Amino acid sequence: MADIIINGGEAQEKKSSAESYELLFYLGERPARSPLTSAEAFLKAAISFKGQVVKATWIERGGRTIDPTIYTGLLGTAFTCLRTYESTGNETDLLLCSEIVDSCAVVAESWNRHVTFLCGRGGVYALGAVAAKYRDDHERLELFLNLFYEVAQEKALPVGPEEGGFGMAYELMYGRVGFLWAALFINKHIGEGTVDMSILMPIVDAVLAGGRVGASHSGWPLMYQFHGTRYWGAAHGLAGIMQVLLHFPLPHREDVDDVKGTLRYMIGHRFFHSGNYPSSEGNGRDKLVQWSHGAGGMAITLCKASQVFPEDMEFRTAAIDAGEVVRKRGLSKKVGLYDGLAGNAYAFLSLYRLTGERIYADRAKGFASILYQNVHKLALASPASFHPYSLFQGLAGAACLMFDLANPQSARFPGYEL
């Protein structure tokens, strides 16, 4: 980045100088030498951010839970503590994660609206089960898995459109694939088959069927609506839905072709001059470059598509192209994963894992360095509704990014990559 020196004092990336200056001038500062020069420095920054998050969301509130979600609520603090444990092996963080999950679970008992990982009971029970597994607490593991299985009995989850199954959304944050992601999270951390495919594949089939009906007479293989809008992005639209479907064994050639075809349609209909992606179908505003809408989230989904379909080089090429959009336009004036610097940095980390090219890890570190040096000014510039310590809008997401930058090869976007 612009005069930001990383990796032991060696200047790594010069091409992004204009973008770096753009944000730094906005902040009223000049580029400076980054203090994040090693894995140990990123780890130290992550632990510092995590401590601030725990203090603000847990200690100062006396353990009270108002918002139990991973997205903007207290469960995001628990997720960050789990990430801390995974990085440091500190049992205190694992215990704190469990305590926070228990507090969220009490609220979740009467909270029946959503079943997803990011914004519903699925996240509470999935995270609780994983924390119990790491603690060798078999009793609580069984408790949380049973609660998760109860969520899986939600009748709307596997209902296809031919049965009137348009009542439950399909997208990541509030819909069916958000539940599927929670199950994938459990299976990754506890063991394949913990949540059996006999439970999950009927939901996958319902998602595919709903997409086909939603795309009828439109030219798309698959299409979905959320609150009447055909979103393209990771949070509410096609990118997020395709990301989750790519994790499942699609038994029929038609299913594979429709997932591939949907991604190809998106690639073919991105903005011609910039290479960015529309936030929704028919929206001509080429403005948003972030995880939730635009090239930030698409880069990660296309990286996954390239891993699943390595013979289709177009997905790899499109992922790299989306990364270039993030490099040029992704210096957000916000902090978090949803629409900020932390989320866009993860696009580079996905590209680093896909290509093995160090330049992408360096770009992620450059974005993280700007975030680290200006985190409080970025927070002050955010709207009043901003959740400054949350996982997806605030400091907890930045903490997870710093942990991942200490070991970029194992980096995963929270709640999106496995």
Side-chain angles (χ1 to χ4, degrees), residues 19 22 71 116 118-119 166 169-178 207 210-246 258-305 314-315 318-334 336-341 343-344 346-347 382-383 385-386 392-393 413 416:
E19 294 81 23
E22 178 184 349
Y71 175 57
T116 63
L118 296 182
C119 295
F166 288 103
Y170 292 92
E171 44 80 84
L172 183 72
M173 288 187 65
Y174 302 106
R176 302 180 207 210
V177 301
V207 172
R212 291 181 183 119
V213 171
S216 59
H217 309 298
S218 70
W220 287 84
L222 302 170
M223 178 53 78
Y224 306 84
Q225 291 189 31
F226 181 68
H227 290 176
T229 300
R230 295 183 170 193
Y231 287 107
W232 282 38
H236 299 300
L238 288 168
I241 295 169
M242 297 305 107
Q243 171 79 2
V244 175
L245 291 177
L246 286 165
D258 281 350
V259 170
K260 284 185 177 182
T262 300
L263 291 170
R264 287 172 178 148
Y265 199 96
M266 296 175 78
I267 294 167
H269 291 77
R270 56 191 159 172
F271 290 116
F272 176 76
H273 292 289
S274 70
N276 192 28
Y277 289 79
S279 60
S280 60
E281 180 72 356
N283 190 330
R285 297 179 65 204
D286 182 5
K287 181 179 180 181
L288 301 177
V289 179
Q290 53 202 46
W291 171 78
S292 56
H293 303 288
M298 274 300 297
I300 297 173
T301 296
L302 289 166
C303 283
K304 180 62 180 178
E314 62 193 301
F315 297 133
I320 292 171
D321 290 344
E324 280 298 294
V325 177
V326 177
R327 179 185 71 81
K328 294 175 182 177
R329 297 176 54 193
L331 278 167
S332 171
K333 297 166 185 175
K334 297 182 180 179
L337 296 172
Y338 185 86
D339 57 2
L341 279 166
N344 280 346
Y346 272 104
S382 298
S385 59
F386 173 62
F392 269 72
Q393 291 187 9
F413 191 111
Y416 200 60

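As the structure is a computational prediction, the values presented were derived from the model and not from experiment.
- With sequence neighbours excluded, the residues forming a side chain to side chain donor-acceptor pair (under 3.5 Å) with Tyr71 are Gln393, listed by chain and number.
- Taking 4.5 Å as the limit, every side-chain heavy atom of Leu222 sits out of range of all side-chain heavy atoms of Val207.
- For the atom pair Leu118 CG and Glu171 CD, the distance stands at 9.5 Å (nearest 0.5 Å).
- Residues satisfying the side chain to side chain donor-acceptor pair (under 3.5 Å) test with Ser274, not counting sequence neighbours, are Asp286.
- Although no hydrogens or angles enter the test, the distance criterion places no donor-acceptor pair under 3.5 Å between the side chain of Gln243 and the main chain of Lys304.
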(Q) Met223 vs Leu238, test: side-chain contact (heavy atoms from CB on, under 4.5 Å). Steps then yes/no. (A) CA-CA 7 Å; Met223 178 53 78; Leu238 288 168; 3.6 Å; yes
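- Nearest heavy-atom pair across Ala322 and Tyr277 is CB-CE1, 4.4 Å.
- Side-chain atoms of Ile267 and Leu302, non-hydrogen and from C-beta on, do get closer than 4.5 Å to each other.
- Applying the side chain to side chain donor-acceptor pair (under 3.5 Å) rule to Asp321 yields no partners; only residues at least two apart in sequence or on another chain are considered.
- Considering all non-hydrogen atoms of both residues, Asp339 and Lys334 come closest at OD2-NZ, 3.1 Å.
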Under 3.5 Å, sequence neighbours excluded: what are the donor-acceptor pairs made by side chains of residues 287-300?
residue	atom	partner	partner atom	Å
Gln290	NE2	Ser292	OG	2.8
Ser292	OG	Tyr338	O	3.1

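- In this structure Arg264 satisfies the side chain to side chain donor-acceptor pair (under 3.5 Å) test together with Asp312, Glu314, sequence neighbours excluded.
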Q: Show the numbers, then the answer: is there a side-chain contact (heavy atoms from CB on, under 4.5 Å) between Met266 and Trp220?
A: CA-CA 9 Å; Met266 296 175 78; Trp220 287 84; 3.6 Å; yes
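- The shortest distance between side-chain heavy atoms of Leu172 and Thr116 does not fall below 4.5 Å.
- Using the six-membered ring where Trp is involved, Tyr265 and His269 have ring planes that are parallel, under 30° apart on the 30 and 60° scheme.
- When all heavy atoms are compared, the tightest approach of Tyr170 to Gly210 is OH-CA, 3.6 Å.
- Nearest heavy atoms, Ala305 versus Leu263: CB-CD1, 3.7 Å.
- Take Phe315 and apply the ring pair (Phe, Tyr, Trp, His ring centres under 6.0 Å) test, not counting sequence neighbours, and it matches no residue.
- Considering CG of Leu245 and OG1 of Thr262, their distance stands at 9.0 Å, rounded to 0.5 Å.
- Checked by atom type and distance alone, the side chain of Asn344 pairs as donor or acceptor with a backbone atom of Gly330 at under 3.5 Å.
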Output a table of donor-acceptor pairs, distance under 3.5 Å, between side-chain atoms of residues 226-234 and any protein atom two or more places apart or on a different chain; print 'none' if there are none.
residue	atom	partner	partner atom	Å
Arg230	NH2	Gly214	O	3.1
Trp232	NE1	Glu281	OE1	3.2

